[in-house]
Amino acid sequence: AFNFSLDESLAIKKHYHQLLEKNQNSNVNTNSAFSYILGALYFFDEQYEDAIRYYSEALAKFNNTTLVNKKDIFFYLKVNLKLGLVFEKRKAYEAAFSYYQKSIEIIKKRSFLFKDEIEFSKLSYQAMLAKLFLIEKTNPVGVTIQELEKAEDDFSALELVPVKAF
C-alpha cells in the first residue's frame, strides 16, 4: 500500500498524468501500466470515480482476442480484480460481482497456461474468494451450500499450484 501525504500523492499523480500524456501515441502496454498506477493512486485516496476511470483505461487495450500471452492475462486479471474492489467500496455490488465473475471465467479458460506459477494461483484464489465474500456480504442468508459447492468445483477444475500458508 502507498503511504503518501496528500501533497506527495498530488505530485505523483501529476507526474503519471504527464507521462501518460507524453506517451499517448506510444506503447499501449506502457500506457496501460501508467493508467493502472493512476488507478491505484486514486483508489488509495478514496477517489473511486477516478480510480474506475484509470483502471478502465488500463483494460481498454484488451478484448477476448488479445488475452493470449501470460503477461497480458495476468495484468488483465489484476486490474479486473481492482475494479471489482473499487465497485465494492462504492457499494455497487452488482458491478463488483460482474468483475469478479469475469475474472473467474478468464481464469477457468486460461489456467492451463499457468500450471506451475504461484502468483497466478494466488490471483485465482483471490478472485474466487472475493466473489464468495461479496455474496456473503450482500445475501441476507450468506453463502449457500450450492454456492460453496460451485466454488469448490471451480477451484477443483483449475490446475493450480497449492498456496501454502507460511
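Because the structure is a prediction, the values reported are computed rather than measured.
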Applying ring pair (Phe, Tyr, Trp, His ring centres under 6.0 Å) to F87 and Y99, what does each step give before you reach the verdict? CA-CA 9 Å; F87 280 109; Y99 279 99; 5.6 Å; yes

Verdict with reasoning, L41 to I37, per side-chain contact (heavy atoms from CB on, under 4.5 Å): CA-CA 6 Å; L41 289 165; I37 291 167; 4.0 Å; yes

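Residues Y48 and F43 place their aromatic rings such that the two centres sit under 6.0 Å apart. Here the two rings, on Y54 and Y16, have centers that are 6.0 Å apart or farther. Taking the ring centroids of Y36 and Y55, they lie under the 6.0 Å cut-off.
Taking the ring axis of F114 as reference, the NZ or CZ atom of K70 stays within 45° of it and closer than 6.0 Å to the ring centre. In this structure, K78 fails the cation-pi test against F75, since its NZ or CZ atom is not both closer than 6.0 Å to the six-membered ring centre and inside 45 degrees of the ring normal.
By the 4.0 Å N-to-carboxylate-O rule, E119 lies close enough to K122 to be salt-bridged with it. A salt bridge links E105 to K108: at least one charged side-chain nitrogen sits closer than 4.0 Å to a carboxylate oxygen. Contact check on K137 versus E88 returns a salt bridge, with a Lys/Arg side-chain nitrogen under 4.0 Å from an Asp/Glu carboxylate oxygen. Salt bridge status for D45 with K13: present, with a side-chain N to carboxylate O gap under 4.0 Å.
Using a 4.5 Å cut-off between side-chain heavy atoms of Ile, Leu, Val, Met, Phe, Trp and Tyr, with links allowed through other members, V141 and F133 fall into different hydrophobic clusters. Tracing side-chain contacts under 4.5 Å through hydrophobic residues (I, L, V, M, F, W, Y), one never reaches I145 starting from I135; they form parts of separate clusters.
Here R110 contributes atom CZ and D72 contributes atom CG; the two are 10.5 Å apart, rounded to the nearest 0.5 Å. Taking CD from E149 and OG from S156, the interatomic distance works out to 11.5 Å, rounded to the nearest 0.5 Å. Within the model, atoms OH of Y42 and CD of Q47 stand 6.0 Å from one another, a figure rounded to the nearest 0.5 Å. The line from NZ of K150 to CG of L132 is 11.0 Å long, rounded to the nearest 0.5 Å. The distance from the CD atom of Q18 to the CG atom of N23 is 11.5 Å, given to the nearest 0.5 Å. The OG atom of S111 sits 12.5 Å away from the CG atom of L123 when rounded to the nearest 0.5 Å.
The shortest non-hydrogen separation linking E136 to V143 is OE1-N, 3.0 Å. Across every non-hydrogen atom of A58 and S32, the tightest pair is O-OG, 3.3 Å. Residues L83 and S56 approach most closely at CD2-OG, 4.0 Å, considering heavy atoms. Here the closest heavy-atom approach between residue A51 and residue G39 is recorded as CB-O, 3.5 Å. Contact between L77 and S103 at its shortest, heavy atoms only, is CD2-O, 3.5 Å.
Contact annotation: the side chain of I107 approaches that of F120 to within less than 4.5 Å [non-hydrogen atoms, C-beta and beyond]. With a 4.5 Å cut-off on side-chain heavy atoms, E46 and K89 do not count as touching. In this structure, the side chains of I52 and R90 come closer than 4.5 Å at one or more pairs of heavy atoms.
The side chain to side chain contact (heavy atoms under 4.5 Å, CB included) with E57 is formed by just one residue from the set N31, L20, L38; it is L20.
No side-chain donor-acceptor contact under 3.5 Å links N80 to the backbone of Y76.
No more than 12 heavy atoms of other residues, nucleotides or ligands lie within 6.0 Å of CD in E152, so this atom counts as exposed by the packing criterion.
In this structure, a donor-acceptor pair under 3.5 Å is absent between the side chains of Q101 and S98.
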